Amino acid sequence: MGWSQDLFRALSRSLSREVKEHVGTDQFGNKYYYIPPYKNWRGQTIREKRIVEAANKKEVDYEIGDIPTEWEAWIRRTRKTPPTMEEIVKNENYREEVKIKSQDFCEKEKLLSKETSEELLPPPVQTQIKGHASAPYFGKEEPSVAPSSTGKTFQPGSWMPQDGKSHSQ
């Protein structure tokens, strides 16, 4: 299938008037081409194209990062001029420098956070748990066996049956 696609592409390019202009090659071996705007056989104006021919011809071998970001910006038309090799090397060195600085910063931050957390945090407070918030008497005194009646704060006592059959108290 691959050779037939290449043959078809070559045939269509020979019939059209598009002329590939080699613009550059990156450190991975990818080749970049520019095709200026042209008119096709029907008189339509075809806009410019920016093409990359990958060093790995198989699409399954392509991974993110195989094309440098500078070339990707040129392909996507976010920059007008193609990058130079010096620019790519300069940006790679800068990225490595930033990566090293961020690792150093993270290590220093971890050490600093361990020291300050031990100094700033008070010891845990021992709390006494009295009941559960969903209990009807949470925050109040627990109900007694004998009913208590003091006007507005009436609270019925919990009734317990006595031993035996007599219900008198």
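For the numbers below, each heavy atom of this structure counts, side chains included, while hydrogens, waters and symmetry mates do not. Worth saying up front: this structure is predicted, and the values here are computed from it rather than measured.
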Interatomic distance, [X] atom [atom1] to [Y] atom [atom2] [nearest 0.5 angstrom]:
X	Y	atom1	atom2	answer
R50	I75	CZ	CD1	8.0 Å
K20	I51	NZ	CD1	6.0 Å
W71	K31	CH2	NZ	13.0 Å
T69	R76	OG1	CZ	11.5 Å

Those residues that, when tested against R47, pass side-chain contact (heavy atoms from CB on, under 4.5 Å) (two or more places apart):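 side-chain contact (heavy atoms from CB on, under 4.5 Å) list for R47, sorted by chain: R77.
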Residue pair E21 / Y33, side-chain donor-acceptor N/O under 3.5 Å: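 Short answer, no.
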Modelled atom types, side-chain donor and acceptor of E70 and N91, under 3.5 Å: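 The answer is yes; a qualifying pair exists.
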Plane angle bin for W74 and Y32 - parallel if under 30°, tilted between 30 and 60°, otherwise perpendicular: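 Aromatic pair Y32/W74 classed perpendicular.
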Set of side chain to side chain donor-acceptor pair (under 3.5 Å) partners for E97, sequence neighbours left out: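 Side chain to side chain donor-acceptor pair (under 3.5 Å) check on E97 returns K101.
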Return a table of donor-acceptor pairs under 3.5 angstrom between the side chains of residues 102-111 and protein atoms on other chains or two or more places apart.
from: S102; atom 1: OG; to: V98; atom 2: O; distance (Å): 3.3
from: S102; atom 1: OG; to: K99; atom 2: O; distance (Å): 2.8

I67-F28 co-clustered via ILVMFWY side chain contacts under 4.5 Å: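 In one cluster: no.
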For V19 against P36, the heavy-atom pair lying closest together: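 Minimum heavy-atom contact is O-CD, 3.5 Å.
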Atom of K49, atom of I46 and distance for their closest heavy-atom approach: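 Shortest heavy-atom separation between K49 and I46 comes out as CE-CG2, 4.0 Å.
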Donor-acceptor contact below 3.5 Å, side chain T78 vs main chain A73: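 It does hold such a pair.
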I88 vs Q27, side-chain contact (heavy atoms from CB on, under 4.5 Å): CA-CA, chis, key distance, verdict: CA-CA 9 Å; I88 293 172; Q27 67 267 27; 3.7 Å; yes
E87/K90 under salt bridge (charged side-chain N to carboxylate O under 4.0 Å, His left out): CA gap, chis, key distance, verdict: CA-CA 5 Å; E87 181 184 0; K90 179 182 148 196; over 6 Å; no
